[in-house]
Each structure stands twice: as structure tokens, then as C-alpha cells.
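Below is one structure, written out as C-alpha cells, with a few remarks after it.
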Amino acid sequence: MEDYKFLFKVVLVGNAGVGKTCLVRRFTQGLFPPGQGATIGVDFMIKTVEVDGEKVKLQIWDTAGQERFRSITQSYYRSAHALILVYDISCQPTFDCLPDWLREIEEYANNKVLRILVGNKTDREDREIPRHIGDDFAQRNGMYFLETSAKEAENVERLFMEIAVELMEQAKCKELPKYDGSLGPINDKNKAVAVAKVHVLN
Amino acid sequence: MDDDLPTDFQVIVVGTGMVESIVAAACSRIGKNVLHLDSSDHYGGLWASYNFDGLQKFIKEVSEDPKRQEQVYNLSEKWYIEKDVSEEAEENKTDADPAKKIWSQTKFAAEYRKFNIDMTPKLLFSRGPLVELLISSNIARYAEFRCVTRVLTWLDDRLMPVPCSRADVFATDSVSILEKRQLMKMLTAIVGNTEEEMEQEFKDWNDKPFKDYLTHKGLTPNLIHYVLFAIAGGTDKMNCRDGVKESKKFLMSLGRYGNTPFLWPMYGSGELPQCFCRLCAVFGGVYCLNRPIDKVEHKVVDEGKSIVVIESKSKTLNCDHLVIGINECPKEMISPEPTESTDISKAVFVTNASIMPSEKEPLTLLRFPSLDGTDHAVTVLEVGPATGSCPKGLFVVYLITSKVTDAENDLMPYAQRIFDMNADQSETTEKPKCLWSVFYNVRDTSAPVASLVDNVHVCSGPDSGLDFDRAVEQAEQIFKKICPGEEFLPRAPDPEEIVFEDDAAPGPDFERTLEDEEEQKPEE
């Protein structure tokens, strides 16, 4: 048994080029990848953090480029505990697409999934979306909101830590949707048994 | 946005059915440059799962589009409940079980997202080829499963649980001690015997009916029924060779995960092609839904090399190999080999209770022997809310058989045995009430089809088998043709094992000289 008490699945969505992969790699590896193309074969990244003295493992999933032509598989959204919707504050079209993304999330993700809106690239001088516009959108749609810069490592740690804290709290209150605990020992009765690496839910 | 689509690929895959998706993943996994297209806005084609809204769209499409009717026909949808629940009915509800909701069409619509209804529902044998492939390729991490909790059969005009594990055999009341010994001896022999022993045992039986063999072995009629219909999934005419083979498959898959040999994919079988697509994308495959193709052409270019050219949304796409679903493939590219095939009759029901109540939510495979003495058994799969197939309080039930007249005629007699088709939800009856149903026939496109062009590979449509054996087998064959000598879906690394190129300090660029290039050119 690995040394963690909670395991949460966090998935990122948003238009191509908004910096999803950079956010993940900044957080999990502490670096800002200089170019594209090095992510072949990468499914999700893992980082274990500590919340109130307890180990929480975050499994962070990237879109594998399927967002480029709006072709993300539904199964990508299944059993996510948290969902980060990312846009680029210096690129209006990426913000304009948010309602489309929300529709897709509504359709396929669990309705109790923790949703966070992230305006990335605050390091850019050519901002097109004022902070309050993003904030408003998030409030109207029942999402948390944060602006980040993967490049400058601004708010990235905070983003994922807040997710971990919130999910922990939900898990402790048992409010967490019981995805049958397939991703972690949340609820014993519904705990998944990964037998020979096939996830079988009992 | 579509204009960004690159135009040159080693492999283009058209259609996101099971076979196409496995081939796409396998090619991408070993480094081929893959483009994967689908004309519709969702994954899976005829292998898809739909929520209730998506299903309504599918039904509408089938009834309006003649092209769709080539694949799916005789479709009839029926409601057995009111559009809205009257206040009166809501009030009466308190008399009955308060937990039981009175369903209406409006309430279905409100919870449409919670339905995942399969066009091609299938189970996985715990040691079947797909489970083994999911594990060996590491694609298993994209899917979750539930164990089928019981296998039922229809015996003496009622539903009976089939004892399939050793524990079941000894726990059951419906079989006498003597029968238990007989059954165990028989099952142990099928699993435990060596090839030679089997050869010896069955040399005079292979082409004779399995039923005769079981009778010869002195099994009682009840036991014969269990083994023939439920374990071997056969009919009276099943020959001994197939009977033994199927029984062995069933028995070998016991004891791996649950009490039965079967797994059911969470959210339906439609998730499985998507798992393969995800892997393809992770290894660089490009995905584009909503991308119909208008034309496929085979061309020989300068060096005698053969390529396939596709026109799609006024864009020209080139590839060395085209992998294409049978329903997308231009007829003139298919080698005309008439194959005998029987179409499939299917039905889906939504009910308000399980066909056989149990303490824990059941997940059931029911094998229904033919009611009219023909050679067509009916496979019934019942799945509940825990599988992500429907909202709480409901069950989704699939009936599948070979087509004789049409889906409704073929299947209604079976449905009437297990459901109450006159739903008055306030009444309590023994049988679950049918709230909604759809019947349809699917053209059988499961026979392998050859293409007239070497580098066009045609993928079959869904077959009526219980597991995905045939899809996996065909995908592997196509892959071997495209990539001879390459490994079929080697294990994908876990995230922990991946070393990023930019983690290490980059070394100097390799500067290739002109002479090097000359030397590297493969000799023709």
C-alpha cells in the first residue's frame, strides 16, 4: 500500500494553447517547459502534498491534445473529483469558448465535481480579459476563480493546494460524490479493488 | 479551426468503433503518425453509449436518414408511462413504498444525463482477450468495471440462478447432493483435463450435439440445462466441440474478480473504444470528430509508392494506410464477397425494479433458451444505477438475439415473461414494470471484409457475441498488416516512469551533413 490517505483525480480542460500542460508541469515538476512536443506518452502527473499533516495524492490529467479539434472523450471527465477550466487572459477567444466547455462539463462530469476557473498567463503584458470579468463569470457559474502564471509560478501551488484542501474537507464530510472510491480509500464499503490493475468496483 | 488540421499522416483511421480505435491506439503506440476521424459528434459509432438525450437524437436520425437505415432498421420506441405525473398519482404514492418514485417522461428527460444506454452492450470475460489486452497495454487505467453478480436462466417457466462457482454449486438448494457431485465432476473435467485427455474424451463427440454428450454423461435435465444454456451459452443444436470450448472459457474466467466470470464496464461498453482513443492521443494521435469524409481515392505516386487520398470538408488528406469502418467505406473499395449473415435483433428496456430482487444491487446476465424451440437463444443483460447506466430506482435491460422476423416480434415474447408491460406504477406486482422500450434491428456487419486496395483496411461492425474477442482479434490482424513485425500494444509506461526530455540538460544539436543524408537513404 502506498503512503497516502487520499487520492484525487483532477482534470484540466480549456482551449489549446492556454497553458494547461504548463500549469501541470509547473506544479508537479517545478519547471516551465520551454517548448511543446515533449509530452508524448504523458497521461497524467502525480504529486503528493500534505494537508493538515495528511498525505494527499493528486493525479492530474491533461487533455492529450484532444481539445484541439474539440474531440475530448467523455470518459476523460468520468470520475474526476475536480475540474480546472483554463483560459488565457491575453486571448479573448479562449474566454469566449468557456460556455461551450461548461456545456461539455455539464454533460459528462459528475454534477458534484469541484469546478475551478483559471485565467492563466498573468505574466503577459497584453491582457485582454480584466480580472473582474473572469471573476464574474466564475461566480455566475458556481466556480472558484484564480488567476495564475505558470511561467512565473504565480498562484500555481496555491491553485492545487486549495483544490487538495477543499477535496479533503468534502471527503471528510462524506460530501464527496462516491465515485465508488475507485481512486482512493474514501469510502470503505464502496472501495474499489484494483485487481491485476483492472479497476473493479465492488 | 479545422484549417489547422495537418494533411499528411502515416495512418488515417476513419470511424471510432472498437476495431478502429484499437488499431489507432496500436499504431500510435509504436510511433506511427495517426489521424483519427469520425463523421459524428461523438465517439463509438455503432459501439457508442448514449445518455437519454443522445439516444433520442439517435432515434430521430435513424428514422429520418436513409443512410442510417442501412445499419439500423425496424426501430420502434415506446413509452409506457405518462408525459407528466398527475397530482393524484403523486398523492397515491404515499400508500405504496415511499422510496418508489412515480416516473414520467418528463422525469426521464430531467435526469437524461444519468442514463448511459449501450448500442452494443457486451460483457468481458475476466480472462478474455480484451481484459488481457487492457492489462498488458496499461489501458486498463482508463476504465472501471463492475462484476456481474449473477447468471440466471429460464427454467420451468421461471427465473433461476445458475450455480457457477464451486461455492455456488454447494450453496444452491435447487440441485440435489447427487447432482452437485455430478456437476462438479463434469466441470472439473472440462477445466482440468489436458489436451490429450480432452482428445480422448471427445473424439467420438465433436460434431454431435453437446446436449447428447451431457445426457450420455448421466447429467439430470436440470444440470444439462445449466451447463448447456447458461454456462456454454448454447442451444439444443450446439455441437460438442463448441460446447466444451465455451464452457471452458466460462469456467477459466471464474475466480479472478467476482463470483461470476464477467465484468461490465462502468458507464457502458461505449467507454471502451474511448479508452483506446485516449491512448492513441497520449502518444500523439490527432483527433477530430464531426469530420465526415467525402471521397476516398487510391493513388500511386512518383516512386511507385501507393497512398490513400481522402477529401474531407474540402481538405485533402494523405496517408500510407487507411483504416476505415465498414459503414464509412466506399462500396467500390470493398471486395465483393457475399457472406452469409444473420442480422441482429435488439431491444432496450427501462424498468422500475430488477427482474429478480436481491439484497445488493444486482448485475445480471440471463441466458434465455429459445421459447419456441428454434435455435435462437436470447441474451439478457440487466444493469442498475451502480454501473452509471441509469438514475436511482431504475434498471436498464438489454435483450439480444439473432433476427428471425423483426426485433419486436423476436423479442417481445421474452420481455413479456420477465416484465409487466402494462405499467401502472402505483400497483405493486411481482414483475418489474416496463417504463420505456426501444426495439431495433442491426445489420450484421461483423464478418471480416477484404478491401480491393492493399493499404485500405476495413473494420467490421459490432458482432452479436458476448465479449469483444472478435474485435480484438481483427484489430490485431489489421495492425500486423500495417506494421509487420511490431509489437501489438506494448505496455504504456506509468507516469512515474516517464523521463522528460527537458529534465536533462540538452546536449549539442546533432548536425547532419549532406553526405550523411545521402547515406541514410534506404536503397530501393
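Computed from a prediction, not measured in an experiment: that's the story for all the values here. Here is the naming used below: chain letters follow the sequence lines, and residue numbers restart at 1 for every chain.
- Salt-bridge check for R68(A) with D4(B): failed, with every basic side-chain N at 4.0 Å or more from each acidic carboxylate O.
- Taking all atoms of both residues into account, the shortest heavy-atom contact from Q74(A) to Y43(B) is OE1-N, 4.4 Å.
- Contact count versus chain A (heavy atoms, under 4.5 Å) is highest, among K114(B), H36(B), H42(B), R113(B), for R113(B).
- Shown here for T73(A) and Q274(B), the closest heavy-atom pair between the two residues is CB-OE1, 3.3 Å.
- M252(B) CE: 12 or fewer foreign heavy atoms inside a 6.0 Å radius.
- In this structure, S71(A) and C288(B) approach most closely via the heavy-atom pair OG-CA, 3.4 Å.
- Under a cutoff of 6.0 Å and an axis angle of 45°, R291(B) and F69(A) do not form a cation-pi pair.
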Practice task
Show your working on side-chain contact (heavy atoms from CB on, under 4.5 Å) between Y108(A) and Y267(B) and close with a plain yes or no.
Solution key: CA-CA 11 Å; Y108(A) 304 122; Y267(B) 311 106; over 6 Å; no
Handout entry: R78(A) and E271(B): CA distance, side-chain angles, deciding distance, side-chain contact (heavy atoms from CB on, under 4.5 Å) verdict
Key = CA-CA 10 Å; R78(A) 307 275 193 213; E271(B) 293 286 296; 2.9 Å; yes
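- Dense packing is recorded around NZ of K47(A), with more than 12 heavy atoms of other residues, nucleotides or ligands lying under 6.0 Å away.
- In this structure, chain A has a heavy atom under 4.5 Å from the side chain of N116(B), while its backbone stays farther away.
- Using a 4.5 Å cut-off on side-chain heavy atoms (C-beta onward), C277(B) and Q66(A) make contact.
- Tested against D43(A) for a side chain to side chain contact (heavy atoms under 4.5 Å, CB included), the candidates N138(B), D494(B), V282(B) yield a single pass: V282(B).
- With 3.5 Å as the limit, one finds a donor-acceptor pair spanning the side chains of E107(A) and Y112(B).
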Exercise for the section: Quick one: do N290(B) and R70(A) satisfy side-chain contact (heavy atoms from CB on, under 4.5 Å)? Show the steps, please. Expected result: CA-CA 9 Å; N290(B) 271 316; R70(A) 298 307 303 264; over 6 Å; no
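- Environment of CG in D126(A): crowded, with over 12 heavy atoms of neighbouring residues, nucleotides or ligands closer than 6.0 Å.
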Exercise for the section: Show your reasoning for whether side-chain contact (heavy atoms from CB on, under 4.5 Å) applies to S75(A) and R278(B). Expected result: CA-CA 9 Å; S75(A) 61; R278(B) 164 90 191 172; 5.6 Å; no
